[in-house]
Every structure is written in structure tokens, then in C-alpha cells.
Asker: 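Attaching a single structure in C-alpha cells format; questions to follow.
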Amino acid sequence: MTWLLILILVPLAGSLVLAFLKGNDRAAVLAALGFSILEFVLVIPFWLSYDAAGPRLQMTSSFDWIPSFGVHIAFGTDGIALIMIAVIALLVPIVVGGLGTMDKLPPGRSAGGFLSLILLQEALTIGVFAATDVFLFYVLFEIMLIPMYFLIGGYGGANRQYAAVKFFLYSFLGGLIMLASAIGAYSLAADKLGKGTFDWATLVTVVREAPLSTQIWLFLGFFLAFAIKAPLVPFHTWLPDAAGEAPIGVAVLLVGVLDKVGTFGFLRYCLPMFPEASKTLAPLVLVLSVIGVLYGSILAAGQRDMKRFIAYVSIAHFGFISLGIFAFNEQAMVGSATYMLNHSLATGMLIVVIGLVIARGGSSRISDYGGMAKVTPLLAGLFLLAGLSTLSLPGTNSFVSEFLVLIGSFVDQPVYTILATVGMVLAAAYVLWLYQRVFQGPVRGDALVGVGGGPGTAIAPELGAKKAIRDLNGREIAILAPLVVLILVLGFYPKPVLDTVTPTVQQTLSAVQGGK
């Protein structure tokens, strides 16, 4: 029994327990909080036991699954998988703790069912990051769509069914294409070794020696699946609908963690397994990355809905991440790997504070707000901090990552880097624009004030009744506090994360350049 198996089994066990607590919401919340906090506590020794100077895959375990086809239930972690496992273990207790304050369940829906799906999503996502058998990775890649489909479709907004189906079909189709490429890699191994295998380490040594034309076709199968998941333009169109309709807590996991499976796949599968194809097709990916940065930034600035705003901001950020990966520069790639973590923290916090705004005003439309800083100064301050981290202000966690991506990419890809830098300017514009519209100026908008209302009150227009708009309470401060601490600490001291991911990045670049 390894650490990774324990980390997968704990939330899975919690999910099963919660499935039997559908009639008792309070017990379900307490049980989910207990399991999620236990998971986070277990991640601490898991992180401390990882040796950054050791082999790429550590804390490995492998069990026969389908021996005749060389399929195993095999897990292991590298530095990049480690930070993503840690961040989902951090975000899930925040999502659970926010139920009832930033999220309200639809009538007739139980907390037990909702939280059971949340913990199942956590277990499957950790499994995806930890899988070292390509077939197992594919299976988990597809299965993890199921709880997210039900979370969006069962608990989301008015157009939740459309958004859930669109999310599922896009990702499922990408997974099927990836399976075809995985079978192709299996066949190459069978031809060379006399026996097929889906073992990741073995396939890396076998597939990298295939002719360039073969590599390109196999690369495209994996790349398409990961580009949809990332989401990279033009495969991104599912995200605004899914994020816009998902409950706030679900959006935290969707945008904060699940999307990272795509960029993780670039680093774990595309580059080491298909090095020549990766270098050959890199200019195409760089073009898509820059388009994503500019397109996402421009559309974010024009959004009228705060939840869809988050989706387009993330599309721009994923353009930065893929730019750093396919620049094939160590600094840029380290920046991209750490950006995966820092984007999860910054965007996760921004989604949470937006959820708290919506919980107070009852609307996600930006035009329904104004002057909230007069009413909720603490919420306004934390919203601003999350926004400044999102735009990578020096002193916040995201700055180091974005700086490394830009300074590293500029060495070999100056034109793409200069174009992407425009996105930084746009980021400052759209983040500050959102903050100004929601929190500055006079108190205005039907969600906050009506005829005869004033600061600190809200009026339900259909009832003409006032109610107090209160600032953050102790529970809300508690769920935001870990994110605030990490954003500030990693802004000034990113060394622990950099030391963790740098050896994995070096090993990836070595594989691309012809080393083992």
C-alpha cells in the first residue's frame, strides 16, 4: 500500500460513505469535510517524502490488470503530478466548506449526493495525475468526466444540461482519439519487443524511435485530447458554457484542476513519447497559444457575466502555459509547470470570491453590481488580491511563473513572446475593469439596491423588501485564508515549488533532446 493508493482510496471511501447520507445534509457536510481534510493532511507527508533529486517516477506501485495485453494498475508521481495532487487536496475542503455560503443546492437535491460526487471527482483526478500505465490513464481520463457531468447537469444553472452534454462530448471524443494513438503506440512496442505494453516508461523508449511521420500521427491523437481538455483555442468552446453553468464549487475544480490534465498531458506524454513530432509541430502550437492569449483576453474584457469572465481569463492563461511548454526552454517550461499550480490558486480564489458576491446579490451579471466596497470592504479587498494574482502582479504567486515563461520563451521564440506580452496589458485592463464595475462607484444595480435603498441594504425588486448585505463571516474567511496565505507566501518565496518541478522539467527536456 503506497502513499498514492492511500490518497486515491481516502476520497473514494468518503464518496461511498456520503452516498448513504443523502437524507442528512449536516452529517454529509461534516463527513465530507472530515474526509477532505484528512486527504489534505495525508498530502503533507506525501510531499515531504518526495525526493526531487531522485528518479522521475517515485512512490510507484503496479498490479496486473489485463496481463495478456500488458495492462497494469500502475501509479507513480513526478514533481509536476505532485503539485497538482497537492492543489486538488487543498481545493476540495474549500469547496466542501463553501457549500451553503457560496453555493446553494437546487430544491430537492441533497448535500450527500453533491459531496459524494465531489469526493469521487477528487479520487479520479488524483488517479489521472498518478497513472503510469497509458491504458489506465485513458480509462481514468474518460471516467472522471462522469461525476463532473452530473455535477454540472444536476446542480448547475438554467442551461446546465446543454453545458454538461457539451463538456462530456468534447472530452469524450478527444479521449477516443487518444485511445487510437495509444493502441498505435502499443503496436509499435509489440513489433519491437515481441510483446505489447502500455507501460509509460517503456513506451517512451520505444515510440521515440519511430519514424517522424508515425510520430506525428500518434502525437496528434494525444495532442487533440489534451488541447480540448486544456482548453487550447480553437478547442475551447465547451469551457465558457460549462464554467458559466456549473455551481461555484464545481467551477473551482473544473477550472482550477481538471483543465490542468491537458497541460500535464503535454508534459508527461506528448513531449517525451513523441519528441521529433513535438518539435516539428511546435510552431503550430505556438500560434494557437498566442491566439489563445489574445482571444481569451479580449473576450474576457467584453463579458457581462462574471462566471464566463473566469472561463475566458483561463483560456488566456492556458495560452501562456502552452507557450512555455512548446518553447523547449528550461526556464519557460519550469514557468509553465509552476503556472499550473499558481493558476489553480489564483483562479480558485477568484471563483470563490465571485461566488460570495453572487450569493449576496443573487446574480452573476456584472451590470447588477456597483459600489460593493462600501458595503463589504473585506470581500472587496480579497477580490482585489485574487484579481492582482490573476494578472500576475509582482509579489503574488503568479508573477514568478509568468515571468519565467516570458523570459525563457523570448530566448528562442521572441515574436510569439512579444505578442503574448500584450495579454499581460489586457489582463490588467480586464481585471481592474471588473473590480471597478463591481466594487467601486455608487451602490447601484437591482441586485444590491433599489428605490429607497442605500449602502448596506439590498432590495428584492419583486417584493420591495430590504435586507442587509453583510461582509465576510468567519466561515467565509476560513475557506479563503489558505489561498490568501499561499498567494502571498509563494509570491515572495516560490523556492519549494520551483525545486520540486525543475528536475522533472529537466528530465522532460532531456527526453526531447535525445537523452533517456
Asker: Find the distance between CG (Asn397) and CE (Met349) and round it off to the nearest 0.5 Å.
Answerer: 10.0 Å
Asker: Just so I know, are the side chains of Ile118 and Leu99 near enough to count as touching, which here means a heavy-atom distance under 4.5 Å?
Answerer: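 With C-beta onward as the side chain, the pair stays apart.
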Asker: Looking at Thr376 and Asp471, would you say the former's side chain and the latter's main chain have a donor-acceptor pair under 3.5 Å?
Answerer: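 Side chain of Thr376 to backbone of Asp471: no pair is present.
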Asker: Pro231 versus Ile315: any side-chain heavy-atom pair under 4.5 Å?
Answerer: yes
Asker: Please round to the nearest 0.5 Å and tell me the distance separating atom CG of Leu323 and atom OG of Ser409.
Answerer: 4.0 Å
Asker: In sequence, state the C-alpha distance, the side-chain angles, and the governing distance for Gln303 and Tyr312, and then conclude on side-chain hydrogen bond (donor to acceptor under 3.5 Å, both in side chains).
Answerer: CA-CA 9 Å; Gln303 289 306 302; Tyr312 285 106; 4.7 Å; no
Asker: Checking side-chain contact (heavy atoms from CB on, under 4.5 Å) against Leu82, which of Thr77, Val87, Leu341, Val501 comes through?
Answerer: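 In the set Thr77, Val87, Leu341, Val501, the residue that makes a side-chain contact (heavy atoms from CB on, under 4.5 Å) with Leu82 is Thr77.
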Asker: Taking Phe137 as the fixed residue, which of Phe75, Tyr269, Phe129 is the one that meets the ring pair (Phe, Tyr, Trp, His ring centres under 6.0 Å) rule?
Answerer: Tyr269
Asker: Could you state the interatomic distance from CE (Met424) to CG (Leu391), rounded to the nearest 0.5 Å?
Answerer: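 Answer rounded to 0.5 Å: 8.5 Å.
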Asker: Give me the atom names and distance for the closest heavy-atom approach of Ile152 to Ala242.
Answerer: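 Between these two residues, the closest heavy atoms are CD1-CB, 4.1 Å.
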Asker: Once side chain to side chain donor-acceptor pair (under 3.5 Å) is applied, do any residues pair with Ser314, and if so which ones, sequence neighbours excluded?
Answerer: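 His343.
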Asker: Going by the rule salt bridge (Lys or Arg N to Asp or Glu O under 4.0 Å), which residues pair with Glu476 if we only count those two or more places apart in sequence or in a different chain?
Answerer: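 Glu476: salt bridge (Lys or Arg N to Asp or Glu O under 4.0 Å) contacts with Arg360.
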Asker: Return yes if a side-chain donor-acceptor contact under 3.5 Å exists between Asp368 and Ser363, otherwise no.
Answerer: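 Per modelled atom types, Asp368 and Ser363 side chains form a pair under 3.5 Å.
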Asker: Determine whether Ile248 and Leu356 satisfy the following criterion, side chain to side chain contact (heavy atoms under 4.5 Å, CB included), listing intermediate values before the conclusion.
Answerer: CA-CA 9 Å; Ile248 290 297; Leu356 296 175; over 6 Å; no
Asker: Heavy atoms only: give me the nearest Met306-Ile358 pair and the separation to one decimal.
Answerer: CE-CG1, 4.1 Å
Asker: Are Glu402 and Asn342 side-chain neighbours, meaning at least one heavy-atom pair lies under 4.5 Å?
Answerer: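 Side-chain contact under 4.5 Å: no.
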Asker: So which heavy atom on Gly113 is nearest to which on Tyr155, and how close?
Answerer: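 Nearest heavy atoms, Gly113 then Tyr155: C-OH, 3.6 Å.
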Asker: Closest approach of Phe222 and Ala182, non-hydrogen atoms and distance?
Answerer: CE1-N, 3.9 Å
Asker: Taking the six-membered ring for Trp and the single ring otherwise, decide whether the centroids of Tyr295 and His236 are under 6.0 Å apart.
Answerer: yes
Asker: Return the CG to CD1 distance between Leu42 and Ile85, rounded to the nearest 0.5 Å.
Answerer: 12.5 Å
Asker: Using a 3.5 Å distance criterion without hydrogens, assess whether the side chain of Gln161 forms a donor-acceptor pair with backbone atoms of Gly153.
Answerer: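 Checked: pair present.
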Asker: Could you give the distance from CG (Leu117) to CG (Leu18), rounded to the nearest 0.5 Å?
Answerer: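 Reported value, rounded in 0.5 Å steps: 10.0 Å.
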Asker: As an exercise, state the distance from CG of Leu90 to CD1 of Ile83, rounded to the nearest 0.5 Å.
Answerer: 13.0 Å
Asker: Might you work through the side chain to side chain contact (heavy atoms under 4.5 Å, CB included) test for Leu120 and Leu16, ending with a clear yes or no?
Answerer: CA-CA 8 Å; Leu120 178 60; Leu16 293 174; over 6 Å; no
Asker: Keeping Arg160 on the side-chain end and Gly157 on the backbone end, is there a donor-acceptor pair under 3.5 Å?
Answerer: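 Checking the backbone N and O of Gly157 against the side chain of Arg160, a donor-acceptor pair under 3.5 Å is found.
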Asker: Parallel under 30°, tilted from 30 to 60°, perpendicular over 60°: which one fits the rings of Tyr435 and Phe439?
Answerer: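 Rings of Tyr435 and Phe439: parallel, as their planes differ by under 30°.
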Asker: Got Met102 and Val352 here, is their nearest side-chain heavy-atom distance under 4.5 Å?
Answerer: yes
Asker: Are Asp305 and Ser364 linked by a side-chain donor-acceptor pair shorter than 3.5 Å?
Answerer: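 Short answer, yes.
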Asker: So, Ser171 side chain and Phe168 main chain: donor-acceptor pair closer than 3.5 Å or not?
Answerer: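 Not a single qualifying donor-acceptor pair exists.
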Asker: Taking all non-hydrogen atoms of both residues into account, name the closest pair between Glu245 and Ala158 and its distance.
Answerer: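 In terms of heavy atoms, the two residues are closest at OE1-N, 3.2 Å.
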Asker: Please list, chain by chain and in numerical order, all residues satisfying side-chain contact (heavy atoms from CB on, under 4.5 Å) with Val287, sequence neighbours excluded.
Answerer: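 For Val287, the residues satisfying side-chain contact (heavy atoms from CB on, under 4.5 Å) (neighbours in sequence not counted) are Ile291, Tyr416.
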Asker: Are the side chain of Asp25 and the backbone N or O of Ser110 linked by a donor-acceptor pair below 3.5 Å?
Answerer: no
Asker: Would Ser289 and Ser322 count as a side-chain hydrogen bond (donor to acceptor under 3.5 Å, both in side chains) here? Give the steps.
Answerer: CA-CA 6 Å; Ser289 300; Ser322 56; 2.6 Å; yes
Asker: Check whether any side-chain heavy atom of Thr390 lies under 4.5 Å from a side-chain heavy atom of His317, and answer yes or no.
Answerer: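 Sidechains of His317 and Thr390: in contact.
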Asker: State which residues pass ring-ring contact (aromatic ring centres under 6.0 Å, His included) with Phe46; sequence neighbours excluded, sorted by chain then number.
Answerer: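 Not a single residue meets the ring-ring contact (aromatic ring centres under 6.0 Å, His included) criterion with Phe46.
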Asker: Between the side chains of Thr338 and Ser401, does any donor sit under 3.5 Å from an acceptor?
Answerer: yes
Asker: Do Pro234 and Leu288 have side-chain heavy atoms sitting under 4.5 Å apart?
Answerer: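 Pro234 reaches Leu288 side chain to side chain.
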Asker: Please test Thr263 against Lys260 for side chain to side chain contact (heavy atoms under 4.5 Å, CB included), starting from the C-alpha separation and ending with a verdict.
Answerer: CA-CA 5 Å; Thr263 49; Lys260 308 303 188 306; 4.2 Å; yes
Asker: Between Ser389 (side chain) and Leu385 (backbone), is there a donor-acceptor pair under 3.5 Å?
Answerer: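 Looks like no, no N/O pair under 3.5 Å.
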Asker: Does Gln121 reach the main-chain N or O of Met144 with its side chain, forming a donor-acceptor pair under 3.5 Å?
Answerer: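 Yes: the side chain of Gln121 pairs with the backbone of Met144.
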Asker: Any heavy-atom pair between the side chains of Ile73 and Asp133 that's under 4.5 Å?
Answerer: no
Asker: Tell me if the CZ atom of Arg475 is crowded by more than 12 foreign heavy atoms within 6.0 Å.
Answerer: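 More than 12 heavy atoms, drawn from other residues, nucleotides or ligands, come within 6.0 Å of this atom.
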Asker: Cut-off 3.5 Å, no hydrogens considered: what does the side-chain donor-acceptor table look like for residues 482-490, sequence neighbours left out?
Answerer:
none

Asker: Taking all atoms of both residues into account, what is the closest heavy-atom pair of Tyr339 and Ser392, and its distance?
Answerer: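 Looking at all heavy atoms of both residues, the closest pair is OH-OG, 3.8 Å.
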Asker: For the residue pair Thr237 and Tyr170, confirm or rule out a side-chain donor-acceptor distance under 3.5 Å.
Answerer: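 On atom types as modelled, these side chains qualify, holding a pair under 3.5 Å.
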Asker: Would you say the rings of Phe266 and Phe223 are close, in the sense that their centroids are separated by under 6.0 Å?
Answerer: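 Centroid distance Phe223-Phe266: below 6.0 Å, so yes.
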Asker: Could I get the full list of side-chain contact (heavy atoms from CB on, under 4.5 Å) partners for Ala301, not counting sequence neighbours?
Answerer: Tyr430
Asker: Given side chains that start at C-beta, do those of Val96 and Ile37 come closer than 4.5 Å, heavy atoms only?
Answerer: no
Asker: May I ask you to establish whether Lys229 and Phe235 are in a cation-pi arrangement, using a distance under 6.0 Å from NZ or CZ to the six-membered ring centre and at most 45° from the ring axis?
Answerer: no
Asker: Check the pair Leu169 / Trp238 against side chain to side chain contact (heavy atoms under 4.5 Å, CB included), numbers first and verdict last.
Answerer: CA-CA 9 Å; Leu169 290 179; Trp238 62 270; over 6 Å; no
